[in-house]
Structures are given as structure tokens and as C-alpha cells.
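So that the names make sense, note that chain A is the first sequence line, chain B the second, and so on, each numbered from 1. Bear in mind the structure is a predicted one, so any value in this text is a computation, not a measurement.
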There are 2 protein chains.
Amino acid sequence: MDREGYGLVDALVQASFTTMAVLNKAAADHDLSLTQLRVVGILADRRLRVSDLAAYLGLEKSTMSGLIDRAEKRGILTRLPSETDGRAVDVTLTPAGRALADRIHARVRAGLSPMTGGLTAAEKTRLRGLLEKILMPNGSPRLP
Amino acid sequence: MDREGYGLVDALVQASFTTMAVLNKAAADHDLSLTQLRVVGILADRRLRVSDLAAYLGLEKSTMSGLIDRAEKRGILTRLPSETDGRAVDVTLTPAGRALADRIHARVRAGLSPMTGGLTAAEKTRLRGLLEKILMPNGSPRLP
DNA sequence: TATTGTTATACTCTATAACTATA
DNA sequence: TATAGTTATAGAGTATAACAATA
């Protein structure tokens, strides 16, 4: 059987769990859940509608409402009426939210450095290329 | 600045989220959460104490109790008294749980194949090697 | 005394269903 | 009629604190 593919799947799953543990820690350091961390990361350079966020994250709109409620209450983001659709609501980071996004990004890079730091520059380039190749542009949810 | 390392971190995070989405879907197909899926996967070929499971997953013992309660109620696993420590409780999969573990493993492989399938055999080998290299044997929780 | 595990409590995450307002 | 978003409800995941039993 495909012994080679087997080992790859295991390595990919293992590396993903390890990466997620780092992200989780980074989020917890800022009193955020992993999902909140994602929302902040996505909104760092975008303004999106509630339904777009939900679709990209694979969550129900009602779940999104709750997440936004709690983040808004903490001053991380704000709701704005869409300028083109009377039914829609846009979400953007507040200045405080943008500052938080910067801190988180730095924190994630630092947290991941023990993993990536052992690679040579050539290996980093090769790994990045291979990871981008398996990201399958079709099939995953896209941002508008 | 380290422009190269930056792209790698992003690719790693992105690939991890995509992988997690696949695992989540596989778990949902069997009415499991991601954490339950991990528990089943870990116990597939091991018998562990509650506290070892909690430590490896980075969860509190009380959280572990709840997870085990629900899985036990569904007939996936069972609690057994430790043979060496009167305070400890071992956890193992039931035959039904082991069958479930097999189905999940196949399901995960199938779910991930669109990602890994685009690589040549040589690329798979290279990617697996690089992923294993960043798994940093020190720093992550270990199984006993 | 320290460790193992459970229980009680509280909060977040998540989905489903029912609803309002707009397209 | 269909879509965008909210609210109500319920269950799972999670942590903290208090506890019983064993080491």
C-alpha cells in the first residue's frame, strides 16, 4: 500500500496539532479563543460582512453573532451598516483591535520560531513552497 | 527583516487550519468533536491514565473527566482501575471504539488526499521529512 | 502532604429554529 | 421569495475551586 503517503498524513496531522497548540497558547495569552484569534487575524487588513466571515470560518451566522458580540463588548471590533446592502452588517477592527492583531502576529511568530528555527534558509523556502502547493486553492472557502 | 521566515509561518498556519478543517469534518461525520477524535486516535493503540491523557492534550483533569464521561456513555471507551495505583483510572477503547478509530483513520486519509495527492512521490518524501524536522521532540508534551 | 480523579459552577463555542428587515 | 442578521435555546468544551480517596 501507499506507505509513503501514510507517513506524510501522520506528519501533517501532527505538525498541525503542534501548530494549533502554539496558536491556542498565543490566543490564551491575550484572553482569546482560537476562533477569536482567527477573526482578529482575518480582519487585520479587511472589512467583511458577518456572513462572509461565517462562510470563511465554516460557522453558522448565529455563531458569528455571538463571537462578534463578545469581541465588540471588549472593544476589539465594531459593527457598521453596509453601504451597499441595507440588510448587511460590516465588521472591522477598532484601533485597539488593530494593535491587538499586531501583538498577536508577533506572538505567533515567536511561538512558532522554535519549530521553524531549526531549518536552514533553503529548507524554509522548500517547506513553504510545498505547504503552499498542498493548500489547494479550490475546495477551501475563499475570502471575497 | 526575515522575509523568508515570515512566509513560512503564514504557510504553516494556513496549512494547519486547512488540515484542522478536514479533521473537524471527519470528526463531525462520526458525531465527534475534534478533541474526541484526538482521544480516540491516541487510545487506538494505547491504554492511558486520565491524567496522562489530560497532560498530553493540554487539558485540565476535570475537562478530561467530562470528555471521558460522554465517550463512555456512547460505548466508545471504558474506565478501568489502574493495576499499580489505587488512585488512578485507566482508559481504553471498547471493540466498538477500536472499529471507530479504524474508520476515522481511513476517513482522515481520504479527506487529506486532495491536499497531498498533488505531490509527486519525491515531494511527499521531502515534505514529510521537513515536517518531522520541525516537530521538535523537546517542548511538546510526550506520551508515557 | 501530595497526587488522582470527580463534582459543582460558570462561561465560551456551536448548531438549530424562529424571527425581523431588506432585496 | 430569498437573503442578512439577531435572538432563544440547548449541548459540548473548557477552566477554577472544592472535595474524597490513595500514595
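- For the pair A:Leu59 CG and C:dT16 P, the computed distance is 12 Å after rounding to whole Å.
- Between A:Thr35 and C:dC13 there is no side-chain polar atom (N or O) within less than 4.0 angstrom of OP1 or OP2.
- Distance CG (A:Asn24) to C1' (D:dG13): 12 Å, rounded to an integer number of Å.
- Separating the CG atom of A:Leu53 from the P atom of C:dT14 is a distance of 13 Å, rounded to the nearest angstrom.
- Checked by atom type and distance alone, the side chain of A:Thr19 pairs as donor or acceptor with a backbone atom of A:Ala15 at under 3.5 Å.
- Of the side-chain N and O atoms in A:Arg70, none sit less than 4.0 angstrom from OP1 or OP2 of C:dT12.
- Considering only side-chain N and O atoms, B:Ser33 lies nowhere under 4.0 angstrom from the phosphate OP1 or OP2 of D:dA12.
- For the salt bridge (Lys or Arg N to Asp or Glu O under 4.0 Å) condition, the pairs that include at least one residue of residues 44-57 of chain B, sequence neighbours left out, are B:Arg47-B:Asp90, B:Arg49-B:Asp52, B:Arg49-B:Asp85.
- Side-chain N/O atoms of A:Ser51 include one lying less than 4.0 angstrom from OP1 or OP2 on D:dG5.
- We find that CD of A:Glu83 is positioned 14 Å from P of C:dA23, with the value rounded to whole Å.
- Both A:Gly86 and A:Gly58 lie near DNA chain C, and the one whose nearest nucleotide falls closer to the 5' end is A:Gly58.
- Ranked by how close their nearest DNA chain D nucleotide is to the 5' end, B:Asp85 and B:Leu67 are led by B:Leu67.
- Heavy atoms only, all atoms of each residue included: B:Arg79 and B:Ser65 are closest at NH2-O, 3.9 Å.
- Contact check, A:Ser65 against D:dT6: a side-chain N or O comes under 4.0 Å of OP1 or OP2.
- Distances shown here put a side-chain N or O of A:Arg79 below 4.0 Å from the OP1 or OP2 atom of D:dT6.
- Which of C:dA21, D:dT22, D:dT6 sits closest to the side chain of A:Arg87 comes down to C:dA21.
- Proximity note for A:Val89 (side chain, C-beta onward) versus D:dA15, D:dG5, C:dG5: the nearest is D:dG5.
- B:Glu60 has its CD atom 18 Å from the P atom of C:dA10, to the nearest Å.
- One can place NZ of A:Lys61 at 9 Å from C1' of D:dT6, the figure rounded to the nearest angstrom.
- One atom, CG of B:Leu48, and another, P of C:dG5, lie 11 Å apart when rounded to the nearest Å.
- Between the CZ atom of A:Arg49 and the P atom of D:dT6 there is a distance of 12 Å, rounded to whole Å.
- Side-chain N or O atoms of A:Gln14 include none that pairs as donor or acceptor with a backbone N or O of A:Ala11 at under 3.5 Å.
- B:Thr94 places a side-chain N or O within 3.5 Å of a backbone atom of B:Gly75 that can act as its donor or acceptor partner.
- Put simply, A:Ser62 has no side-chain N or O that comes within less than 4.0 Å of OP1 or OP2 on C:dA15.
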